[in-house]
Amino acid sequence: MERTLSSDVLQKQDETVVVSGWVQSRRDHGGLIFIDLRDHKGIVQLVINPEKNEAFARAEEIRDEFVVRAVGLVRKRQEGLENPNIETGSIEIVVNGLTILNRAETLPIQPFSENQANEELRLKYRYLDLRRPKMQHMLKRRAEMFSVIRNYMEGQEFTEVTTPILANSSPEGARDFLIPSRLHEGKFYALPQAPQQFKQLLMVGGISRYYQLAACFRDEDPRADRLYGEFYQLDTEMSFVEDGETVRQMFDPLIKKLSTEFAGKTLLSEDIPRIPYVEAIEKYGSDKPDLRFGMELVELTDVFTDTEFAVFKNAETVKAILVKNGTLLSRKQIDGFTEIAKSEGAGGLAYISYENGEAKSPIAKFLSGTELAALKEKTGATDGDTIFFGADKRSTVNKVLGRLRSEFADHFELKDPNVIALCWIVDFPFYEWDDARKKVDFGHNPFSMPKGGVEALNASTDEEKLAILADQYDMVMNGYEICSGGVRNHNPEVLYKVFGLLGYDEQYVEDKFGAMLNAFKYGAPPHAGCAFGVDRMFMELMNESNIREVIAFPKNGSGVDVMMNSPSMVDEAQKKELGI
RNA sequence: GCGCUCGUAGUGAAGUUGGCCUAUCACGCCUCCCUGUCACGGAGGAGAUCGCCGGUUCGAAUCCGGUCGGGCGCGCCA
């Protein structure tokens, strides 16, 4: 007889059914035993009467999480015995036969308890953790999201192409995972950090619109929003596209659809703003601003050029953020924010509070009446508010206030979990200053087109080089970078020049990117694209702050799979065969 | 690599200004009782060298040093 799922039992009243699943709980009344049987659709109650000797004996030895199969009659529950808390609460199955398909030892974690085990144990016993309704939900929703994405992409005539997992180590970017080659001793494959070069070669190969839900591999330390080892990207590329706006407009509807129809959230605005990188840094102190709240950075350098307050006078830049109701912050809380500011490089954290029409602050006595008036006017402060200052190098001020902006928003709960705020950050600098190595280096990836084409690359001084913009864009969702893309460079001359400005000769470029350069000689169409970090986007859509919560089998923060014990040692024979 | 932080029965927590700690509670587990429960109930029971090593002390879960492991952040992530 066919297995009936818990969710279908309601339609089988007064019929005999077979149900299978896990024992969620057993309630033994001595002469009568109830079992809550769980399958992937829900829970149904089994009743075992002592008259059924065989079944009753089985029921007595059953424990939580045993795997069982029951045959019985679906019966409407008597009046007053219904359980409104479960979907099948109006019926129960009167068991005739009960089979223990598999026993279970006492579980090392209690998946169905309010007390959630710590993450390390949950990861070690992930197969038990996955039985939790929340994890079941996550995996199903992730599959649904992938389905929405595939439908959309196919509707736009994108072709899904899978690209090699065994690829080449690439010199730029993240650390690679290396795979020793057996057939070619001493040589290595690498797992791709992204299918970047392959997708550009697909453009040369005449694929008009490419996409792939691609596994990407990076050997870099993880974060709460960044998985160790492997993660998935919606990787896309379009040929005969010469401007980033075409790409951005292609994907605006998909991300909106995922935010609203899929995740059931509200968009902060239908129009998705395009914000130049410099503007984002100056207004929000970040290239991935959370736009669900305001608190923009206010420029005050001019106000304090001739101030008596030395800290402000000597600073390259003075900016501030206005914290509404900031006077509610305790001294201790302000100390906490001061520590955060210091951790970002600030010397301290000056502030002014407004109470009863007066500016109260340890620094107020250093400020003139005109300065105080200008402050109030520029920030819009009113009673109850507090202004927090950053005074330092411009980059430090932006970094410190950008961090504080986010921290204050957390404190005052300004990040509405039901709202999605999207924006595109555009016009990234092509190069940036590497302070550690004291030289100009690539800001993003070297494969994008400089804005203004090859002429834009006529730069000799560091200053001129740093002023070059890349046709490069990131999409930001609620303060998370969820997408990065660019108009690609399909012209070998430009690629040589892009590297040349950093002092790399043509030989270097040919050594590193030979295949792509070669391909570009034979008719490469202009092309542009982007890649969405789908795990991170999914995390935010699901209101999770830890990306491991939305993945079936994540590695922990040390890159270890504590369930499978990987990485692990291998046989000497295996190593020998690989020549290592 | 660095900074902050956490580590107490199977699980989650309390205890951490040294001593009534012979370590408390809840869940789980075991035994027995119970024919309408659904977080079943009742009676009883087992289970912890307080991550590990060392030190201070008459006395350490508690203080100090080291070490291991987890989490968060920085570096890193073209």
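The model shown is predicted, which means the values in this text are computed figures rather than measured ones.
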[N] base / [X] side chain donor-acceptor hit below 3.5 Å:
X        : N      : value
A/Asn118 : B/rG7  : no
A/Glu92  : B/rG36 : yes
A/Arg63  : B/rG28 : no
A/Glu120 : B/rG69 : no
A/Gln116 : B/rU11 : no
A/Arg226 : B/rC77 : yes
A/Arg77  : B/rU37 : yes

Rounded P spacing from B/rG42 to B/rC6 in Å: 37 Å

Determine the Euclidean distance between corresponding P atoms of B/rG7 and B/rU16; express it in Å to zero decimal places.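 Roughly 13 Å separates the two P atoms.
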
Between A/Glu82 and A/Ser90, a side-chain donor and acceptor under 3.5 Å: no

A/Arg27 side-chain N/O to B/rU37 phosphate OP1/OP2 under 4.0 Å: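 A/Arg27 to B/rU37 OP1/OP2: no side-chain N or O under 4.0 Å.
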
Do A/Phe293 and A/Phe408 have ring centres separated by under 6.0 Å? no

What does [X] touch in the nucleic acid at a heavy-atom separation under 4.0 angstrom: a base, only the sugar-phosphate, or nothing?
X        : result
A/Ser343 : nothing
A/Asp36  : sugar-phosphate
A/Glu105 : nothing
A/Asn556 : sugar-phosphate
A/Pro50  : base
A/Arg75  : base

Would you call A/His29 stacked on B/rC40, i.e. ring centres under 5.5 Å apart with the planes less than 30° off parallel?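 Check passed, A/His29 stacks on base of B/rC40.
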
Are the side chain of A/Asn546 and the backbone of A/Arg548 linked by a donor-acceptor contact shorter than 3.5 Å? yes

Short side-chain to backbone donor-acceptor contact, A/Arg38 and A/Glu65, under 3.5 Å: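 Checking the backbone N and O of A/Glu65 against the side chain of A/Arg38, no donor-acceptor pair under 3.5 Å is found.
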
